[in-house]
Amino acid sequence: MTRDAYLLVDGYNIINSWAEFEQLKNDGLEHARDRLVDILASYSAFQGCQTTVVFDAYAVRGGADGQERYGLVVVFTGEGETADAYIEKAAYVLARAGAKVFVITGDAHEQMTALGVGAYRVTARELAEDCDRVRRAIAERVEDGRPLGARQEVAGRLDASVAVKLEKLRRAKLK
């Protein structure tokens, strides 16, 4: 994924595709949804992308319910609306506005639709592999004491004596 990209994730499709959710699904979908949101929140923060995870609630009365959690938008679709339909509309609107959009699902039909509206498609397996890579990168940075954020200041990569000299030059320019 790239920075400033939009990720549209079919939540139940991912839960049903990843082996790590097998037991959680049996314990209740709420736990599986919460775990997916946790994983995607870390992933999105590290990657610097904007993520919306969509869960089907088409059999539930009422309109779509979207809420922000941990920097993600979590959407439960409205009555009579599937996650696929919601994602298709959102992908179309974002892609037409010039955004780089990634539709993440294991559903082949949904992947083809995403390509048709100008979005990129990512399979559930590809996302799992990328999430694992990001987890390892986060663990390495924590172990090394490096910052997790995307911003890497130049001063953090300079020798201390060079940084002091540059700071003196900067302050001299401000006077």
Side-chain angles (χ1 to χ4, degrees), residues 1-55 66-76 83 87 90-91 94-95 98-107 110-111 114 119-171 173-174:
M1 301 308 140
T2 60
R3 298 214 164 281
D4 301 322
Y6 288 86
L7 276 59
L8 300 172
V9 181
D10 186 335
Y12 287 134
N13 187 279
I14 300 302
I15 287 171
N16 288 317
S17 298
W18 289 6
E20 74 180 88
F21 289 111
E22 240 0 93
Q23 184 59 45
L24 284 175
K25 285 189 314 191
N26 295 334
D27 294 343
L29 281 177
E30 183 177 355
H31 296 297
R33 286 191 304 262
D34 289 344
R35 178 69 184 130
L36 179 60
V37 168
D38 288 344
I39 291 168
L40 291 174
S42 294
Y43 177 82
S44 299
F46 188 84
Q47 294 290 78
C49 52
Q50 299 176 49
T51 300
T52 300
V53 58
V54 184
F55 295 102
Q67 46 192 254
E68 188 170 328
R69 288 177 39 198
Y70 313 117
L72 303 179
V73 175
V74 179
V75 173
F76 290 90
I87 289 169
L94 289 167
K100 190 171 233 178
V101 182
F102 293 85
V103 172
I104 303 172
T105 181
D107 182 324
E110 189 67 15
Q111 291 173 7
Y120 298 90
R121 64 146 186 93
V122 177
T123 66
R125 181 185 52 77
E126 290 169 329
L127 179 63
E129 291 169 358
D130 209 29
C131 283
D132 286 341
R133 182 192 58 77
V134 165
R135 283 183 210 160
R136 287 190 306 274
I138 290 171
E140 287 173 12
R141 285 189 180 195
V142 168
E143 188 175 303
D144 294 346
R146 291 183 286 160
L148 293 176
R151 188 173 170 144
Q152 296 285 326
E153 300 283 337
V154 172
R157 296 180 294 199
L158 292 177
D159 180 78
S161 64
V162 173
V164 168
K165 290 176 185 174
L166 287 173
E167 181 61 20
K168 284 181 183 176
L169 283 171
R170 185 183 74 80
R171 290 186 186 273
K173 285 271 193 190
L174 294 174

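For this chain, numbers begin at 1 and follow the sequence in order.
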Does the side chain of [X] reach to within under 4.5 Å of the side chain of [Y], using non-hydrogen atoms?
| X | Y | result |
| --- | --- | --- |
| V142 | I138 | yes |
| L127 | L40 | yes |
| F46 | R141 | yes |
| I15 | R35 | no |
| D130 | Q47 | yes |
| W18 | C131 | yes |
| Y6 | T52 | no |

Distance check, rounded to the nearest 0.5 Å: [X] atom [atom1] versus [Y] atom [atom2]?
| X | Y | atom1 | atom2 | answer |
| --- | --- | --- | --- | --- |
| R33 | F76 | CZ | CZ | 4.5 Å |
| N16 | D107 | CG | CG | 11.5 Å |
| I104 | E110 | CD1 | CD | 12.0 Å |
| N13 | T105 | CG | OG1 | 3.5 Å |
| I14 | T123 | CD1 | OG1 | 8.0 Å |
| Q50 | L94 | CD | CG | 8.5 Å |

Closest non-hydrogen atom pair, [X] against [Y]:
| X | Y | value |
| --- | --- | --- |
| F21 | A32 | CE2-O, 3.4 Å |
| A91 | L8 | N-CD1, 3.5 Å |
| V122 | Q111 | O-NE2, 4.5 Å |
| L36 | G11 | CD2-O, 3.5 Å |
| A5 | C49 | O-CB, 3.3 Å |

Open item on the list: So that I can tick it off, tell me whether E140 and R136 are bridged by a salt bridge, with the cut-off set at under 4.0 angstrom between side-chain N and carboxylate O.
Closed with: no
TODO: Show the numbers, then the answer: is there a salt bridge (Lys or Arg N to Asp or Glu O under 4.0 Å) between R125 and E129?
DONE: CA-CA 6 Å; R125 181 185 52 77; E129 291 169 358; 3.0 Å; yes
Task: Donor on one side chain, acceptor on other, R135 and Y43, under 3.5 Å - done: no
